[in-house]
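Reading through the structure tokens given below for one structure.
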Amino acid sequence: MDEVSFRIDSGDKIGLVGRNGAGKTTLTRVLAGEGLPAGGKVIRTGEIGYLPQDPRTPDMEQLAKDRILSARDLDKVITKLRKAETDMASEDDSIRDKAMRRYDRLEIEFLANGGYAAEAEAAAISSNLALPERILNQPLKTLSGGQRRRVELARILFSGAQTMLLDEPTNHLDADSIAWLREFLKNHNGGLIVISHDTELLEATVNKVYHLDANRATIDQYNLGWKKYLTQRETDERARRRERANAEKKAGVLMDQANKMRAKATKAVAAQNMAKRAERLLAGLEEVRAQDKVAALRFPNPSPCGKTPLTAEGLSKSYGSLEIFTDVSLAIDRGSKVVILGLNGAGKTTLLRMLAGVSKPDTGEVIAGHGLKVGYYAQEHDTLDVTRTVLENMRSAAGDMNDAEVRGILGSFLFSGDDVNKPAGVLSGGEKTRLALATIVASSANVLLLDEPTNNLDPASRAEILGALKNYTGAVVLVSHDEGAVAALDPERVVLLPDGDEDLWNQDYLDLITLA
């Protein structure tokens, strides 16, 4: 962006759109105060609630419930109240008396911050985001990535922030939670900027659309709802193209005349004036929006392997007394297509991490068959080293590839020039997705383990990955809330968690995709 100005008032609900890598995530980080602009300034009034694509919680030992309540500082008061309650049961009279006095003071503070009504409000928000009491009473470290992200979303919605900046808030939400979130955001009285590829959410909630056009280094601001914006943007583009075509035609005629007149000394001044008029005609025009490039997402040709390259026998996983799944077994044959289904928290990501060798099961084992080469895509981009550059990450995955081949793959995923020297940590969610997929392409994997691979992708890039899934000849184990991704995979089998039951795929299972 260059010299861009705007303001967000109460009641402004803005859909921030633009291609992956245009700078949407960077802009929201700057607005939230987590990054600095190269020029200009951000003036903030009131509290801001910011949901990044990859939330990082500071204390993974904290209970999920306390993390949500911390948005209004209720967690600290409740912790002190619990301690006072324990001390009130002491047999020591002085400890008991002090605890009773302390409890009275803390209860006044607790009630001043909303008290039991606030706790009930947090519980209601959590429940609507598929976070039941059982999950809320667990430490954050025991939750899946999707559950932790929903805890962060619940925290922001509970905070009462005047302005919310939400980057892909529907990721990891089921259909009921998405429907509830639409209503919540529709009724939000403050300001809102939302980045989302969920067009139904944008249609239901936004009354303005800001299009971040990286090609023209500007933001086109439309004071319109989603559908009217789409119509108006297309009208503007047609008018811009027509205006430029007419001006270029007139300028061309003027330049032709000027060139003919230059041959005569008596008409040199007139020729120069005509040339200046032609330049002014073109200078006053807005640039036509260039067509955004799309990543050429293609999975590798799988390297040779045995009949059954990957087998799992009797896998189990628990966190303390919480059992995730027990005695799950499966065999992945060469070229087979398997989708894993289950409710949030059923252990889908945990199972993929075990198959990838990233985490260990409590019982059972994962057995690598002849020639196994795994390509693992983690939904939270755990496979990327955020301290290393794009190019360094690719070199680590590329094995014997030379530099030209590595850069060629990066170029097909829209990383070229100075982009390859960016640290992976500063990339947007969509860019991290492209980089993680690029490392898989470089790996010549014959078994792909894909955990929500279409999250954070713009529609054009999503279409590319669906095409890549259709054409890949190796084996795929897929976890996804995206019906289109599952349909593109055309799976042969489905594994249902937490029980680990296996069944032949049929279209009835499509109904479970978004519900799960």
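If you're wondering where the values come from, they're calculated on a predicted model, not measured in any experiment. This chain uses plain numbering: 1 for the first residue, then up along the sequence.
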Check: [X] side chain, [Y] main-chain N or O, donor-acceptor pair, under 3.5 Å:
X    : Y    : result
N471 : G467 : yes
K337 : G335 : yes
E203 : K227 : yes
E431 : F415 : no

Review point. Out of curiosity, I324 CD1 to K317 NZ, how far, rounded to the nearest 0.5 Å?
Key: 9.0 Å
Looking just at side-chain N and O atoms, do [X] and [Y] make a donor-acceptor pair shorter than 3.5 Å?
X    : Y    : value
S396 : R388 : yes
S444 : K373 : yes
N446 : S303 : yes

Exercise for review: With side chain to side chain contact (heavy atoms under 4.5 Å, CB included) as the test, would you mind laying out the steps for T350 and M354 before giving the verdict?
Suggested key: CA-CA 6 Å; T350 301; M354 288 179 185; 3.8 Å; yes
Point to revise | Test side-chain hydrogen bond (donor to acceptor under 3.5 Å, both in side chains) applied to Y377 - qualifying residues, sequence neighbours left out | key: H381, T433
Are the side chains of [X] and [Y] in touch, meaning some heavy atoms are under 4.5 Å apart?
X    : Y    : result
T218 : M1   : no
W505 : E492 : no
T170 : S196 : yes
Q53  : R149 : yes

Exercise for review: Keeping to residues at least two apart or across chains, list the side chain to side chain donor-acceptor pair (under 3.5 Å) pairs with something in residues 21-36.
Suggested key: T25-D167
Practice item. Could you walk me through whether K13 and V194 pass side chain to side chain contact (heavy atoms under 4.5 Å, CB included), step by step? Key: CA-CA 8 Å; K13 295 175 183 174; V194 59; over 6 Å; no
Exercise for review: Given salt bridge (Lys or Arg N to Asp or Glu O under 4.0 Å), test R67 with D59 step by step and report yes or no.
Suggested key: CA-CA 9 Å; R67 176 64 183 165; D59 180 7; over 6 Å; no
